[in-house]
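Have a look at the structure below, then the notes.
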2 protein chains.
Amino acid sequence: MATEAVRTTAVEDNLLEVIARSLPDLRRSERRVADRILQAPQAAVEMTLGTLAAASGVSEPTVIRFAAAIGCEGFRDLRVKLARSLAFARTTSHSAIGPADDLGEITGKIFDFNLSNLAWVRAHLDPDAIRAAVAALSAAPRIEFFGLGASGIVAIDAQQKFPLFGAPCSAQTDGHQMLMAAAMLAPDDVAVAISNTGTTVDVVRAARIAQEKGATTIAITGSRGPLLSHCSIAIVAETLENTDLFTPTVSRLSAMVVIDILSTAVSLGRNRAGQDRIAEMKRLLSDVRSGRQERPDFNGKGPTGPEDGPGGMAPE
Amino acid sequence: MATEAVRTTAVEDNLLEVIARSLPDLRRSERRVADRILQAPQAAVEMTLGTLAAASGVSEPTVIRFAAAIGCEGFRDLRVKLARSLAFARTTSHSAIGPADDLGEITGKIFDFNLSNLAWVRAHLDPDAIRAAVAALSAAPRIEFFGLGASGIVAIDAQQKFPLFGAPCSAQTDGHQMLMAAAMLAPDDVAVAISNTGTTVDVVRAARIAQEKGATTIAITGSRGPLLSHCSIAIVAETLENTDLFTPTVSRLSAMVVIDILSTAVSLGRNRAGQDRIAEMKRLLSDVRSGRQERPDFNGKGPTGPEDGPGGMAPE
DNA sequence: CAGAATTTTGTAGTCAAACTACACAAATGA
DNA sequence: TCATTTGTGTAGTTTGACTACAAAATTCTG
């Protein structure tokens with residue numbers, strides 16, 4: 001279907017923005033309509049053609065012409081588009097303006113930043129690398145995730161999705177254990193090395209060893225670096241910030257989404273039975289959550305996290 | 001008091017969710033309408049009453065009754081609400097991922113899904129709750145993060161940002177240690193309880209104990225649950241839909257972004273470094289928007305960059 | 001398993017909203 | 001100034017949204 005309905009939350013989508021922007025090009029009475037809408041957009045969607053015309057002090061056809069002028073099919077279309085734009089608008093009602101408004105701005109900026117970055121990563125992911133990674137992971141008898149620091153979090157996240165991968169998974173977040181685990185790998189095993197910078201020495205070393213042992217090595221990284229030379233498959237989720245100075249959160253988010261894609265794809269590639277198993281697992285989890293059963297032991301790397309479940313698949 | 005601090009909107013706003021949820025309560029022919037809408041929501045907003053009736057194989061009044069049944073004023077209202085929901089769910093939403101899906105499509109859907117959800121959360125976050133949380137965290141001599149399983153990852157992530165919080169932070173991801181840590185808290189200390197479901201018993205219990213000890217308790221959760229009754233500040237990042245396709249990842253992302261917001265805001269209040277960070281983010285954002293998709297420069301701290309850096313420390 | 005009571009659905013009709021054709025008014029330019 | 005262009009409103013038409021009621025289907029009861 002509309003696979004290419006690529007959404008960038010672009011300005012063009014936001015009708016309010018469009019209206020404000022085309023304000024100078026409008027005729028005088030049309031502008032009255034525009035003003036009226038901008039003044040209380042929320043109320044405008046509720047209005048009818050006649051109502052809005054009256055509220056703006058113009059005639060009904062003028063409103064229709066206005067709709068056409070800003071690129072709508074008609075008044076109906078205008079209302080729909082307006083409603084759509086309004087959905088993104090903040091629930092402004094009680095966010096007072098003042099010194100505290102900084103906070104709202106921070107919230108908005110951080111969301112924007114993360115959203116923009118994800119959209120960017122989406123557009124720049126290499127499909128072939130994903131495909132190769134999925135193939136390797138699907139066939140792997142054993143999977144190791146390597147990551148230090150913030151990337152260690154991603155590694156653990158990946159490890160928790162092991163039911164989707166359908167193979168024993170471990171996450172190594174310690175430099176030494178990473179090496180030991182890498183040394184234990186065999187051909188067909190897969191090592192996933194996660195590093196935002198692509199330079200972290202321990203991770204690079206672990207990847208090298210894993211490769212020497214004949215394992216398939218997959219890199220999930222935020223920028224090209226030494227790591228890639230020891231990995232046969234490179235998934236580069238380049239983010240807009242790659243300095244270590246600001247918000248490493250986005251690199252984590254990107255990596256986690258990549259993991260999500262891999263695990264989902266592997267799971268789907270397997271068979272329907274695998275999906276049923278996941279559904280069953282989710283059911284068990286919901287029992288655990290409500291405290292009706294003893295929860296499975298959880299040691300930080302344990303099989304299933306009681307909370308939120310590893311992968312989440314299969315509609316009910 | 002916690003419940004008051006929260007907006008009473010969210011999932012109820014998402015008409016698709018509402019429709020899917022009230023499916024069993026509908027009469028047979030009304031359900032035909034529902035199915036038709038869910039099947040192609042994008043097309044449904046374009047349709048007229050008669051068109052939709054014909055497409056569903058029912059009469060026009062049935063469609064109107066359907067609208068009333070799901071809580072709309074009439075067909076017009078239905079269309080507006082639908083458009084509003086579609087603003088978020090537009091591209092993916094109810095198109096479940098099946099084995100037949102091409103890999104590229106899976107990638108796109110997962111990205112879209114996560115993006116839509118983040119946008120949704122963004123629009124529905126309660127600014128007052130954020131404000132209260134920032135205030136509490138800024139004044140806290142000690143901060144504990146509680147989370148199990150997938151939410152444990154978020155807790156660790158939060159803990160790694162301790163430089164931004166400017167106070168000793170711990171992350172407890174084990175049921176028992178969680179309780180012990182909670183018991184050690186004192187007034188003014190802050191406990192942040194993270195649970196997507198809001199029901200995880202251990203986390204709820206830890207929150208209760210923390211509250212009994214006089215600490216300020218902050219909940220970061222994906223849905224209302226028992227947890228809220230033991231938390232004085234509730235940050236509810238409700239996700240777009242509950243079909244559980246990818247909800248776990250989405251909830252983690254949302255929670256991490258919330259953490260990011262909190263840490264940034266706290267840091268901003270503390271020193272000027274936080275302000276620089278915001279300024280930088282704004283710059284990056286404007287670059288993205290203007291379509292100049294260059295990677296930002298790497299000036300700053302030189303090449304080292306210990307793997308991904310714990311917490312996005314601002315430059316000295 | 002009738003047959004009544006109730007619920008569900010469609011038919012026909014009404015009202016109002018959305019759109020169109022056209023004519024008048026205002027503004028612009030020679 | 002008048003002619004031409006542009007802008008705006010009036011009046012009329014079409015269509016879509018909704019309502020009243022009757023037919024069909026379902027359920028309930030004896």
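Quick note on labels: first sequence line is chain A, next is B, and so on, each numbered from 1.
Among residues two or more places apart in sequence or in another chain, the side chain to side chain contact (heavy atoms under 4.5 Å, CB included) test is passed with B:Ile64 by B:Leu49. For A:Asp35, there are no side-chain hydrogen bond (donor to acceptor under 3.5 Å, both in side chains) partners, not counting sequence neighbours. For B:Ala40, the side chain to side chain contact (heavy atoms under 4.5 Å, CB included) partners two or more places apart in sequence, or in a different chain, are B:Arg36, B:Ala43. Residues passing the side chain to side chain contact (heavy atoms under 4.5 Å, CB included) test with B:Ala207, sequence neighbours excluded: B:Ala193, B:Leu227, B:His230, B:Cys231. Remark: A:Ser59 engages A:Thr62 in a side-chain hydrogen bond (donor to acceptor under 3.5 Å, both in side chains) (not counting sequence neighbours). Here B:Ser29 pairs with nothing under the side-chain hydrogen bond (donor to acceptor under 3.5 Å, both in side chains) rule; sequence neighbours left out. By the side chain to side chain contact (heavy atoms under 4.5 Å, CB included) test, A:Ala34 is found to be paired with A:Ile19, A:Leu23, A:Leu26, A:Phe66, residues two or more places apart in sequence or in another chain being considered. Residues satisfying the side-chain hydrogen bond (donor to acceptor under 3.5 Å, both in side chains) criterion with A:Thr51, sequence neighbours excluded, are absent altogether.
Interface residues of residues 22-56 of chain A facing DNA chain C, ordered by number: A:Thr48, A:Leu49, A:Gly50; criterion, heavy-atom separation under 4.0 Å. Within residues 64-77 of chain A, the residues that have a heavy atom under 4.0 Å from DNA chain C are, in order of number, A:Ile64, A:Gly74, A:Phe75, A:Arg76.
No side-chain N or O of A:Ser267 forms a donor-acceptor pair with one of A:Lys161 less than 3.5 Å apart.
Along DNA chain D, the stretch of nucleotides lying under 4.0 Å from any heavy atom of chain B spans, 5' to 3', D:dG16 to D:dT26. Once you apply a 4.0 Å limit to the heavy atoms of chain A, the touched nucleotides of DNA chain C run 5' to 3' over C:dA17 to C:dT20.
Contact check for B:Leu118 versus B:Val257: side-chain heavy atoms found under the 4.5 Å cut-off. B:Asn114 has its side chain out of reach of A:Met256: every pair of non-hydrogen atoms, C-beta onward, lies at least 4.5 Å apart. Looking only at side-chain heavy atoms (C-beta outward), B:Ile220 and B:Leu262 come within less than 4.5 Å of each other.
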